[in-house]
Amino acid sequence: MEIYTYENNAYIKQETGVALGNFDGLHLGHQKLIKTITTECSRKGLKSSILLFNNHTKTTLDEKSNLKILTSNEQKLDILDSLGVELIYTMNFNSSVMKLTPEEFATKILVEKMKAKLVVVGFNYRFGYKAKGDANYLRKLGAKLGFEVIIVEPVYDDNQVISSTLIRELIKNGYIEKANRLLYSPYTIEGKVVSGKKRGKKLGFPTANLKLVYNYLIPRYGVYATKTIIDNVEYNSLTNVGTNPTFDNDICSIESHIFDFNKDIYNNKIKIRFLKYLREDKKFNTKEDLIEQINKDKKNIIKQC
């Protein structure tokens, strides 16, 4: 997969088909769109490509937005590569890009920079200054500027349109298994292992305390069955998201107890893949009660793995 950068004034030389969107989560709706672009490009002799913004457009359009992401750009690139996309054109979505009219965006970015002959968008796609352009207007511009436009219809689950917004709500409310069913792969966050209060070690359950490296959406507070990925190796794990109420904390932490693992991984980057919500983050009367519950949680995870 080739990567081009707008900030380096890159021009793609081959004629392309371009898929547009934020692609946060790479859910089933996004996958339908990407399947369309790769299939149509193969049929038409074009290079399949994605215009990928380095930052979510909503964070620039709304300065007060505190939008939490589902996937980092690094994760997106890995997934897009596995889905067969040939070219990625990256750019920052900043105030100057935001102020481009729909026609300027189509002309300067899609035609001049990306040499687009085909553009694929979702049914609710908006673009250009103050989101004045929609998918139908893009089709009119394509007829004028020399590219075809395919508008992909929504994908549904339980009579709901699959979207990044829907998936965020599922994760925030603990429905991690349903969210995972709609995503390309189970919800995964990445961070750096930092020193904690070492309470888990004293209880007999040492944990890796995660400091996030991206502005990820934090799942609902509670205890999860997870996979912890260290140097591309997966380990069964039990992850607590919350404030550790047994110890009267008030700051959210993400702590992963990795089964059958005793290496020093401080300052290492690891990934935590959330598989199942087990129980709420609750206060136990004694440390012994907490230990008993953690042992039950571990047995539950081992039984399912």
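Note that these values count all heavy atoms, side chains included, but never hydrogens, waters or copies made by symmetry. Note that the structure is a prediction, hence the values are computed from the model and not measured.
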Please identify each residue that fulfils side chain to side chain donor-acceptor pair (under 3.5 Å) with [X], with sequence neighbours left out.
X      : result
Asn8   : none
Glu112 : none
Glu86  : Ser48
Lys178 : Asp158

Subject >> Residue pairs fulfilling ring-ring contact (aromatic ring centres under 6.0 Å, His included) with at least one residue in residues 215-235, sequence neighbours excluded >> reply: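 For residues 215-235: Tyr214-Tyr216, Tyr224-Phe274, Tyr224-Tyr277, Tyr235-Phe261.
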
For the [atom1] atom of [X] and the [atom2] atom of [Y], what is their distance to the nearest 0.5 Å?
X      : Y      : atom1 : atom2 : result
Leu20  : Ser49  : CG    : OG    : 8.5 Å
Leu138 : Leu110 : CG    : CG    : 7.0 Å
Gln14  : Met114 : CD    : CE    : 11.0 Å
Ser237 : Arg273 : OG    : CZ    : 10.5 Å
Leu278 : Leu238 : CG    : CG    : 6.5 Å
Ile301 : Lys276 : CD1   : NZ    : 10.0 Å

Indicate whether any N or O donor in one side chain lies under 3.5 Å from an N or O acceptor in the other, for [X] and [Y].
X      : Y      : answer
Glu177 : Tyr175 : no
Asn9   : Lys113 : yes
Ser72  : Glu74  : no

Find out whether [X] and [Y] are in side-chain contact, i.e. whether some heavy atom of one side chain is under 4.5 Å from a heavy atom of the other.
X      : Y      : result
Ile109 : Met91  : yes
Phe53  : Asn92  : no
Leu183 : Leu28  : no
Val241 : Asp281 : no

Subject >> Main-chain N/O of Val111 paired with Lys117 side-chain donor or acceptor, under 3.5 Å >> reply: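 No, the answer is negative, given that no donor and acceptor are paired below the 3.5 Å cut-off.
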
Subject >> Output field: ring centroids Tyr125/Phe127 closer than 6.0 Å >> reply: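 For Tyr125 and Phe127, the ring centres are under 6.0 Å apart.
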
Original post:
After noting the C-alpha distance and the side-chain angles of Asn300 and Asp297, does the key distance pass the side-chain contact (heavy atoms from CB on, under 4.5 Å) rule?
Top reply: CA-CA 5 Å; Asn300 189 11; Asp297 294 334; 5.5 Å; no

Subject >> Members sharing Ile34's hydrophobic cluster (side chains within less than 4.5 Å) >> reply: Met1, Ile3, Phe23, Leu26, Leu33, Ile37, Leu46, Ile50, Leu52, Leu77, Ile79, Leu80, Leu83, Val85, Ile88, Leu118, Val120, Ile150, Val152, Tyr184

Original post:
Should Val18 and Tyr6 be counted in the same cluster of Ile, Leu, Val, Met, Phe, Trp and Tyr side chains packed under 4.5 Å apart?
Top reply: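 Same cluster: Val18 reaches Tyr6 through Ile, Leu, Val, Met, Phe, Trp or Tyr contacts under 4.5 Å.
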
Subject >> Pairs touching residues 133-149 that satisfy side chain to side chain donor-acceptor pair (under 3.5 Å), sequence neighbours left out >> reply: Lys44-Glu148, Glu103-Lys144

Subject >> Residue list, ring-ring contact (aromatic ring centres under 6.0 Å, His included) with Tyr129, at least two apart or on another chain >> reply: none

Subject >> Whether over 12 other heavy atoms sit under 6.0 Å from Lys35 NZ >> reply: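 No.
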
**OP:** Determine the minimum heavy-atom distance between Ile171 and Ala179, stating which atoms define it.
**Re:**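 Closest heavy-atom pair between Ile171 and Ala179: CG1-CB, 3.7 Å.
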
Subject >> Nearest non-hydrogen partners of Pro102 and Leu141, listed with the distance >> reply: O-CD1, 3.7 Å

Original post:
Can you list the residues that meet the salt bridge (Lys or Arg N to Asp or Glu O under 4.0 Å) rule with Lys269, with sequence neighbours excluded?
Top reply: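 Expected list: none.
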
Subject >> All salt bridge (Lys or Arg N to Asp or Glu O under 4.0 Å) counterparts of Lys271, not counting sequence neighbours >> reply: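 Listed in chain order: nothing, the list is empty.
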
**OP:** Only pairs at least two apart or in different chains count here, so list each salt bridge (Lys or Arg N to Asp or Glu O under 4.0 Å) that has a residue in residues 5-26.
**Re:**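 Counting only pairs at least two positions apart or across chains, the salt bridge (Lys or Arg N to Asp or Glu O under 4.0 Å) contacts touching residues 5-26 are Asp24-Arg168.
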
Subject >> Residue pairs fulfilling salt bridge (Lys or Arg N to Asp or Glu O under 4.0 Å) with at least one residue in residues 179-194, sequence neighbours excluded >> reply: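 Every pair satisfying salt bridge (Lys or Arg N to Asp or Glu O under 4.0 Å) with a residue in residues 179-194: Asp157-Arg181.
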
Subject >> From Asn236, Thr188, Thr239, residue fulfilling side-chain hydrogen bond (donor to acceptor under 3.5 Å, both in side chains) relative to Thr226 >> reply: Thr239

